[in-house]
Structures are given as C-alpha cells and as structure tokens.
Trainee: 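Quick one: this structure, given as structure tokens, is what I'll be asking you about.
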Amino acid sequence: MPIRQQITQGMALQLENRRDALLAGQTHLGWKLGFNDPAARERCQLPSPIAGYLTHSTLLAQNSSYQADENASILLEAELAIQITQDVDQPIDQHDAEGLISAVAPAIELVDMSAGMDD
C-alpha cells in the first residue's frame, strides 16, 4: 500500500480513536507533530510530519513518575509545547501563526518503541 494511503488511513483511525476517547470522558489537551526531522522522515518514508492528538489521560502531573513495563523500550524525546490562543481551521501564514502563540514551554515525551515503528 502506498505510504500516503497508509498515512490517510492512519489519520482516519486516529481521529476515530480521538472521538471515542473524548466520548469516554477524556479531556482534549492538544495536538503534536511528529517526525519533524527530515532524516527521520526519510528513514520511515514519510512525505511530511504527522499529527497526533493529546489527552489528559497521557499527561503526567508535575512531580509524578511513570513506571514502564518490564519489556518496554523507552525513548525520551525533548519537545517544545506551544499554546495558541484559538483553533485554526484553515491554512495561515507564518506571521499570523506567530501572532496566535500565547505560551511556549519545554516538554518531554516518553515513547515505548518495543512495538516497533509499525505501531
């Protein structure tokens, strides 16, 4: 299956999972972009960064801890969290995008790679 078709199907499944999570009472936290690094995208044959949703169910509170499964293969990724003032439902230019930023903060993402890159 061509990679663009895989991405389209993956996004459709992800949006369905997000809808189900919200209906189950999870709170929307935001969105994330992955595979921003061109070399990582090339290794995975991705034509562009990919988006993912975030809910409070995967957010660790300050000063809390995370206990990984014994067989987990955890990667820690430094991230940048950007808070914007409103939803954006159409393309905007860089100047307008910069004007929507209300806060920037460091973030850390824990990724379990034990399932491999196909999951």
Side-chain angles (χ1 to χ4, degrees):
M1 175 183 311
I3 189 70
R4 287 187 187 274
Q5 186 177 358
Q6 291 177 36
I7 292 170
T8 300
Q9 288 180 349
M11 280 304 301
L13 178 59
Q14 183 174 190
L15 290 172
E16 182 179 319
N17 290 341
R18 177 183 178 273
R19 184 199 69 225
D20 292 346
L22 296 177
L23 288 172
Q26 294 182 26
T27 305
H28 174 75
L29 182 62
W31 296 92
K32 73 171 271 83
L33 290 178
F35 293 95
N36 293 320
D37 176 53
R41 281 198 309 273
E42 187 174 321
R43 282 192 304 276
C44 297
Q45 300 177 343
L46 296 171
S48 64
I50 55 177
Y53 69 91
L54 301 169
T55 66
H56 279 89
S57 69
T58 58
L59 176 68
L60 293 179
Q62 187 172 353
N63 298 320
S64 65
S65 62
Y66 174 76
Q67 181 62 47
D69 291 336
E70 183 177 313
N71 296 321
S73 177
I74 301 295
L75 294 178
L76 182 141
E77 295 183 350
E79 302 285 348
L80 183 64
I82 300 172
Q83 185 175 29
I84 61 174
T85 59
Q86 65 188 51
D87 288 343
V88 178
D89 60 3
Q90 60 188 4
I92 59 175
D93 64 24
Q94 181 176 339
H95 179 267
D96 289 340
E98 290 171 354
L100 295 177
I101 295 173
S102 60
V104 178
I108 296 173
E109 179 181 16
L110 300 176
V111 182
D112 184 357
M113 295 299 294
S114 60
M117 292 295 290
D118 292 336
D119 184 6

Trainee: Would you say Ile92 and Leu100 make side-chain contact, with heavy atoms under 4.5 Å?
Mentor: yes

Trainee: So if you build clusters from Ile, Leu, Val, Met, Phe, Trp, Tyr with side-chain heavy-atom gaps below 4.5 Å, do Leu15 and Tyr53 land together?
Mentor: yes

Trainee: I'd like to check Thr85 versus Ser102 (side-chain heavy atoms, cut-off strictly below 4.5 Å). Are they in contact?
Mentor: yes

Trainee: Can you tell me how far the CG atom of Leu59 sits from the OG atom of Ser64, to the nearest 0.5 Å?
Mentor: 8.0 Å

Trainee: Are there more than 12 heavy atoms of other residues, nucleotides or ligands under 6.0 Å from atom CD of Gln45?
Mentor: no

Trainee: To the nearest 0.5 Å, what is the distance between CD (Gln14) and CE (Met11)?
Mentor: 4.5 Å

Trainee: Is the closest side-chain heavy-atom distance between Leu76 and Ile108 below 4.5 Å?
Mentor: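 Counting from C-beta outward, Leu76 and Ile108 do come under 4.5 Å.
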
Trainee: Looking only at atom types and distance, does a side-chain atom of Asp112 sit under 3.5 Å from a main-chain N or O of Ser73, one as donor and one as acceptor?
Mentor: yes

Trainee: If you compare all heavy atoms of Ser57 against all heavy atoms of Gln26, which two are closest, and at what distance to 0.1 Å?
Mentor: OG-OE1, 3.0 Å

Trainee: Measure the CG-CZ distance between Asn36 and Arg41 for me, rounded to the nearest 0.5 Å.
Mentor: 7.0 Å

Trainee: Nearest 0.5 Å, please: how far is CD1 in Ile74 from CD in Glu109?
Mentor: 10.5 Å

Trainee: Count the heavy atoms belonging to other residues, nucleotides or ligands that lie under 6.0 Å from CD of Gln5, then report whether that count exceeds 12.
Mentor: yes

Trainee: Is there a path of hydrophobic side-chain contacts, each under 4.5 Å between heavy atoms of I, L, V, M, F, W or Y residues, that connects Leu80 with Val88?
Mentor: yes

Trainee: Can you tell me how far CD of Gln86 sits from CD1 of Ile84, rounded to the nearest 0.5 angstrom?
Mentor: 7.5 Å

Trainee: Nearest 0.5 Å please: distance from the NZ atom of Lys32 over to the CD1 atom of Ile50.
Mentor: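 If I round to the nearest 0.5 Å, the distance is 8.5 Å.
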
Trainee: Tell me, yes or no, whether the heavy-atom count around Gln9 atom CD, taken from other residues, nucleotides or ligands under 6.0 Å, exceeds 12.
Mentor: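 Enclosed.
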
Trainee: Mind checking whether Leu54 and Leu22 sit in one hydrophobic cluster, side chains of I, L, V, M, F, W, Y counted as touching below 4.5 Å?
Mentor: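 Result: no, two separate clusters.
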
Trainee: Could you tell me whether the side chain of Arg18 reaches within less than 4.5 Å of the side chain of His28, counting heavy atoms only?
Mentor: yes

Trainee: Looking only at non-hydrogen atoms, find the nearest pair between Ser114 and Asn71 and report the distance.
Mentor: CB-O, 3.6 Å

